[in-house]
Amino acid sequence: MRKIKYSEALGEATLLAMEENSRVFLMGEGIDDPKAVFGSTLSALKKFGPSRVMDTPLSENAVTGIGIGAAIEGNPCVMIHMRVEFLLYAMDQIVNHAAKWNYMFGGTMPVPIVIRCIVGRGWGQASQHSQSLHALFAHIPGLKVILPATPADAKGLLYSAIKDPNPVICIEHRWLYDKVGEVPEGRYEVPIGKANVLIPGKDVTCVAVSHQVHEALAARELLLKDGIELEVIDLRTVRPIDTATILNSVRKTGRLIIADTAIKTCGISAEISAMVTEQAFHSLKEAPVRIALPDAPTPCSPALEEVYYPKISDIVEAGRRLVTGSTGDAVQNVPRLVAFQGPF
Amino acid sequence: MRKIKYSEALGEATLLAMEENSRVFLMGEGIDDPKAVFGSTLSALKKFGPSRVMDTPLSENAVTGIGIGAAIEGNPCVMIHMRVEFLLYAMDQIVNHAAKWNYMFGGTMPVPIVIRCIVGRGWGQASQHSQSLHALFAHIPGLKVILPATPADAKGLLYSAIKDPNPVICIEHRWLYDKVGEVPEGRYEVPIGKANVLIPGKDVTCVAVSHQVHEALAARELLLKDGIELEVIDLRTVRPIDTATILNSVRKTGRLIIADTAIKTCGISAEISAMVTEQAFHSLKEAPVRIALPDAPTPCSPALEEVYYPKISDIVEAGRRLVTGSTGDAVQNVPRLVAFQGPF
Amino acid sequence: MANLKSDTLKSLYTKMLRIRRVEETIADEYPNKEMKCPVHLSIGQEAVPVGICEQLSTADRVYSTHRCHAHYLAKDGSVPKMIAELFGKVTGCCRGKGGSMHLVDHEKGMMGSSALVGGTIPLAVGSALSFSIEKKPLVSIAFFGDGGSEEGLFYESMNFAALKKLPVIFAIENNQYATYSHQKSRQATTDIYKRGDSFGIPSAQVDGNDVETVYHTAKEAIERGRKGQGPTVIEFQTYRWRDHVGPSTDIEVGYRTQAELDGWMEKCPIQRLETKLLAQGLLTPRERDEIEAKIKTEIAEAFAFARESRYPNPSEIYTDIYA
Amino acid sequence: MANLKSDTLKSLYTKMLRIRRVEETIADEYPNKEMKCPVHLSIGQEAVPVGICEQLSTADRVYSTHRCHAHYLAKDGSVPKMIAELFGKVTGCCRGKGGSMHLVDHEKGMMGSSALVGGTIPLAVGSALSFSIEKKPLVSIAFFGDGGSEEGLFYESMNFAALKKLPVIFAIENNQYATYSHQKSRQATTDIYKRGDSFGIPSAQVDGNDVETVYHTAKEAIERGRKGQGPTVIEFQTYRWRDHVGPSTDIEVGYRTQAELDGWMEKCPIQRLETKLLAQGLLTPRERDEIEAKIKTEIAEAFAFARESRYPNPSEIYTDIYA
Ligand SMILES: Cc1ncc(C[n+]2csc(CCOP(=O)(O)OP(=O)(O)O)c2C)c(N)n1
Ligand SMILES: Cc1ncc(C[n+]2csc(CCOP(=O)(O)OP(=O)(O)O)c2C)c(N)n1
Ligand SMILES: [Mg+2]
Ligand SMILES: [Mg+2]
């Protein structure tokens, strides 16, 4: 299959949905500028121009509400924010309005909006530009929340999201944008709410989210050297959660690692742990392990970033500990995933 | 000890803090009106007048930021919102600014603000006026989050919060306002971050939040009839969580119920369950049980409200199931906690 | 300002009266506790919604607030479905899920109302954006109060609507109060409409208790919208007679005076039109009584319908969370 | 407008030049990847912060944005602590936790800067509220851009400040662009200051590349604030020479023309003042060279300091989350 970048895959999904439904449109700050949201709106812009790829003022709250209103009126909207933090200006519109409108009005008011946003990491972007806030949205019934981790999912999930009659938050990790992978051509849907068993393994289940999927895959290779097979599940969607796929796996392995890009406390990793414990307690050989961010804002200094983010070796050590009871020797030959370098 | 209402206890804490520090002030929409936030700002208003009990425009985002700015400048601010939902307009100021300011600036910028807000329930307040959103704040390092459940804690925790040099979110359940209880006179502090073992019990631990504390206490009485002793712990603070008190209890009982006022998925009940499983897995006789709201917005109709909210009997049944393996017969003589009646 | 036709005037009168009587009945029945939800009555403020909505088609849109009864009824919402909604019955316009603060009728163009002050302003602009994209000669109305005008959403929405020349009308019902706080204790300047000017939007301040003035001012704005000439801001001066929430009067609360209320009751929009119509012989006392009687029956039937309807099944908690 | 004293003029000149040279050095050094954080340079926009901050005491407050280098330096922030911060060193003004977008110096009254556009506007009003409560004759400055003026926070903050007559100055640096979007594609009307008028706030639009004009306009506003007469809105017209973020020029991106940039470079605020001072003999070429040399040394020392400083210990991740 031909390979393309994650950013291009996002673009393909967008273009496809816009071609199929002439009422679909895009909105966001500077999304029609030459950088085109790291290339992801480029093809749409070329084909449909700024009338359907609409630049907006720096007014996240109203603009999100306007997108919601247009969506209710029958123009499915793809709203793009360059950082997930900017959504905090629009929390009222998202949580109190988009998530409630159809329910509150007895099913008469679907809201087909997709809100795309990017998670930053590295190059000293610091406390206000590096948060992973999907747990905030995962707590809210009425929303769907996806985090595509591969180019194929970027296309398939985003395409499904644009066609979905409900508000979908699509959270994209900045480090994924340049990842290259096989992506089906043409119409390609990945269902929202279905996790993906990327590689089976019999010893330990690792449910990973967003960029952590790639860390889990790398950890799998290292663990194989110790004779430990990690089953890597890409969670893909954090609301609704695909409990069946996770439970199937844990019932088999009896051991669970959850690798999240967000803060640990009250994160999605807590939910997965609690849900599995609730439903498969007697299958569990050991307590589930959460690999996530420490309870601190993101620091700027490269020296602190280095220790702030969990590492592939953390997953490896957790896997060893779950199987052998000990983290073992220092993990050797840990690959370095491509880091994003400034200036932005 | 003399008994007073929860609302009066809030008022006492406020007055005390304002008397001790002449720079403390209150802000909020209509907090100086004759209803005085259900009486809780009345004493402050009488003593200090509208210059220190300041009415504000309906501009939650800026007003919260202004409170933060005044707090940074050295005027500790108590900001009051009549519903926790209104905070969603101010999420950026709370999460991106208040929670980060001291950290980001290397410890030079403490933010002594308390943000009080009320959780609605009942009388058809519906989807936009009945949410319990403490998990959103509990996920954010840099914030502290308290939910006083008793008049004594209303005084002690709020007083501690106002003296705290950090941003504290204080979430008050509307049904607690008229509860009467013993409250120490004069200076009275309850430390933030300490859970409270309200009644010891050897069989099952129940960690309860806010109004659920009272449901847990009622459930305890009913469970005693079955010979089951529930240890009721009032969590009090959801960030930081008092893990030691919870773990001590679960290590003793081996069984855990978490009773929360919020949505279950990604709620604080998930965090408690995950944390306990992580740290006391081998003490657990059964999987922790979460009693919380279903994954749906709040409906208006009284017929739906009735089934939407978990009941005392749910805690009783969970307790029985954990101890005996069965929920047993229908629970008899369940008390009805006083429900709030309209019009507001 | 051309004179309105007598049919139009009678229609305006009937609609205002209908709103008044529906709300008065709600107030009377409220203590029976069959309507278990907060109610925010518009008694005294009927002219604004009626004067505007009289000129709209069902494809034109209205977005409203916590105080939404009058907007819903002016946009031809059904009375039985409204009362059933307040009763929490499955026959209500939201199947009992919304209650008094969330009236809706998609087919009539009543797009819903929010309990978050200011929350629907951008939604109305969203409808207007859709009309503009689809080149439909339709308009969208954002109703909100003086309090709502303090939310940043209003300014962000005005800028966007003016920038993209969208057919939206920002219809501000300035009743001077937000709950019990007077506008002067919340706003630096009380001429809200001037803030519209500063975005280059045609803006006006008019008597919101004179339904003919409302009609004429809205007419211009609607035409402007339909022609693709962009948004309009209209500040309507009006006054709420009852308590902020609940069925009663509230002078005893102490935030306003009886004299102030009396002054505004003299400017009752319905009485004003009735006096004029009677004086000019456009309405006879007998016709008036017939209208009253018809409304009375309609309301009685609506309450009977609400009472007889069943509550939603418990399983409805889980329906319509997603479309 | 009285003429400024030559000392003041020289001070303005020196401060602007210092900012320019610091930022040019950052740009030159940036490719070495020792400064691992996004940098937003103010080159071309030095007159606004300098013209205002020259008149402030350390007890007066400044709040800033992602583009905060010039504000920090104009408010007498230390160059070595700034460069160390960009290097992520523990000797930085935030102990390495903040980076280029978050410069701070509490003792100098530089209260911090936010990477969220508009985010610091209400914080500055908060300082002004504190001054008003405590009856201190101090002022607080909210610096932000044309983009920031589109956030609802600006309007909510203006209303509050005007209502409570707070000593805050809304200092808008209108450089016409937000990232690569021109103001005209984001705003219905480009005279931002008029929106201040609509709240009854004295508002003005002035040449932000003429430091003397900046100084005089700010002077009035500061005096008004100190006297308890309330806020002022000033829109300064200026222009950014470099890319939105990063060290380079950006004509090749294609969103603006070389001609437009050239036109604004001719209005260089530093060159303008230098030409005038030299012409009037208020500055000799020799003095100018001395100033340049001094700045050069200062910067070299700052970079050396940053390089020699150590990184924060890993445990610092957990310090200062709470005070
Ligand atoms: C965002 C938000 N803030 C505060 C409230 C509480 N509240 C409900 S109605 C109201 C007053 C609104 O005043 P106005 O907009 O003038 O409308 P009116 O009630 O006068 O019709 C307030 C403060 C709310 N519901 N939402
Ligand atoms: C709330 C928010 N929205 C968007 C952004 C992304 N962003 C960063 S700087 C910028 C442009 C800001 O323009 P302006 O306020 O004019 O300041 P300038 O960069 O021109 O100095 C944008 C859109 C952000 N950081 N915060
Ligand atoms: Mg009002
Ligand atoms: Mg700009």
Side-chain angles (χ1 to χ4, degrees), chain A residues 28-37 50 54-65 81-90 92-93 120 122-131 263 293-309 339-344, chain D residues 30 33 35-40 66 85-90 92 94-102 114-119 145-153 178-181 185-188 243-248 252-255 310-321:
Chain A
E29 291 162 19
I31 66 169
D32 67 341
D33 75 22
K35 303 237 167 142
V37 192
M54 204 180 279
D55 189 18
T56 72
L58 278 61
S59 310
E60 290 80 5
N61 197 7
V63 168
T64 303
H81 294 274
M82 298 294 286
R83 282 290 178 285
V84 62
E85 278 89 353
F86 308 164
L87 288 190
L88 295 181
Y89 275 98
D92 167 67
Q93 284 300 316
W123 202 257
Q125 291 178 79
S127 303
Q128 297 179 322
H129 267 50
S130 318
Q131 293 170 85
I263 298 279
L293 294 181
D295 258 327
T298 320
C300 173
S301 172
L304 295 178
E305 275 185 354
E306 178 65 24
V307 282
Y308 181 74
Y309 288 98
F340 164 72
Q341 301 267 308
F344 181 51
Chain D
Y30 199 71
K33 302 201 170 184
M35 292 171 276
K36 292 194 173 64
C37 56
V39 289
H40 300 78
H66 55 288
E85 188 57 36
L86 271 63
F87 274 65
K89 299 298 180 76
V90 74
C94 311
R95 303 184 63 82
K97 294 243 182 80
S100 154
M101 293 195 286
H102 304 297
S114 174
L116 277 300
V117 171
D146 46 304
S149 81
E150 291 154 19
E151 297 287 356
L153 280 170
T179 315
Y180 304 139
S181 294
S185 71
R186 300 176 284 110
Q187 298 188 20
D243 200 347
H244 165 69
V245 61
S248 320
E252 71 289 357
V253 173
Y255 71 99
R310 66 169 180 81
Y311 281 116
N313 291 329
S315 65
E316 288 238 7
I317 284 202
Y318 293 103
T319 56
D320 300 323
I321 303 173

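No hydrogens, no waters, no symmetry mates; every other heavy atom, side chains included, goes into these values.
For D:S315, no part lies under 4.5 angstrom from a heavy atom of chain A. Residue D:L86: no heavy atom, backbone or side chain, is found under 4.5 Å from chain A. Neither the backbone nor the side chain of A:E306 comes within less than 4.5 Å of any heavy atom of chain D. Residue D:Q187: no heavy atom, backbone or side chain, is found under 4.5 Å from chain A. Contacts between A:S59 and chain D at a heavy-atom distance below 4.5 Å involve backbone atoms as well as side-chain atoms. Using a 4.5 Å cut-off between heavy atoms, D:A115 contacts chain A through both its backbone and its side chain. Contact of D:N313 with chain A is made through the backbone alone, with heavy-atom distances under 4.5 Å. With a 4.5 angstrom heavy-atom cutoff, D:H102 touches chain A only via side-chain atoms. There is no contact between A:P50 and chain D, counting heavy-atom distances below 4.5 Å.
Between the D:E150 side chain and the A:P57 main chain, no donor and acceptor come within less than 3.5 Å of each other.
Considering only heavy-atom pairs separated by less than 4.5 Å from chain A, the leading option among D:E151, D:R186, D:M35 is D:E151. The most heavy-atom pairs under 4.5 Å with chain A, out of D:G98, D:G254, D:G152, D:A178, come from D:G98. With chain D as partner, the option from A:E85, A:E305, A:E60 having the largest number of non-hydrogen pairs under 4.5 angstrom is A:E60. Most heavy-atom pairs under 4.5 Å with chain A, from the set D:V90, D:L116, D:T179: that is D:L116. The candidate with the highest count of non-hydrogen atom pairs below 4.5 Å against chain A, out of D:G99, D:S181, D:G118, D:S100, is D:S181.
Taken from OG in D:S114 to NE2 in A:H129, the straight-line distance is 8.5 Å, to the nearest 0.5 Å. Rounding to the nearest 0.5 Å gives a distance of 8.5 Å between CG of A:L58 and CG of D:D146.
Taking both residues in full, the closest heavy atoms of D:M101 and A:Q125 are given as CE-O, 4.0 Å, listed atom of the first, atom of the second, then distance. D:G88 approaches A:P302 most closely through the heavy-atom pair CA-CD, 4.2 Å. Nearest approach of D:Y180 to A:D33, heavy atoms of both residues: CD1-OD2, 3.5 Å. Of all heavy-atom pairs between D:G96 and A:C300, the closest is O-CB, 3.5 Å. Contact record, D:C37 with A:G124: CB-O, 3.8 Å, taken as the closest heavy-atom pair. The shortest heavy-atom contact between D:I317 and A:A296 is O-CB, 3.6 Å.
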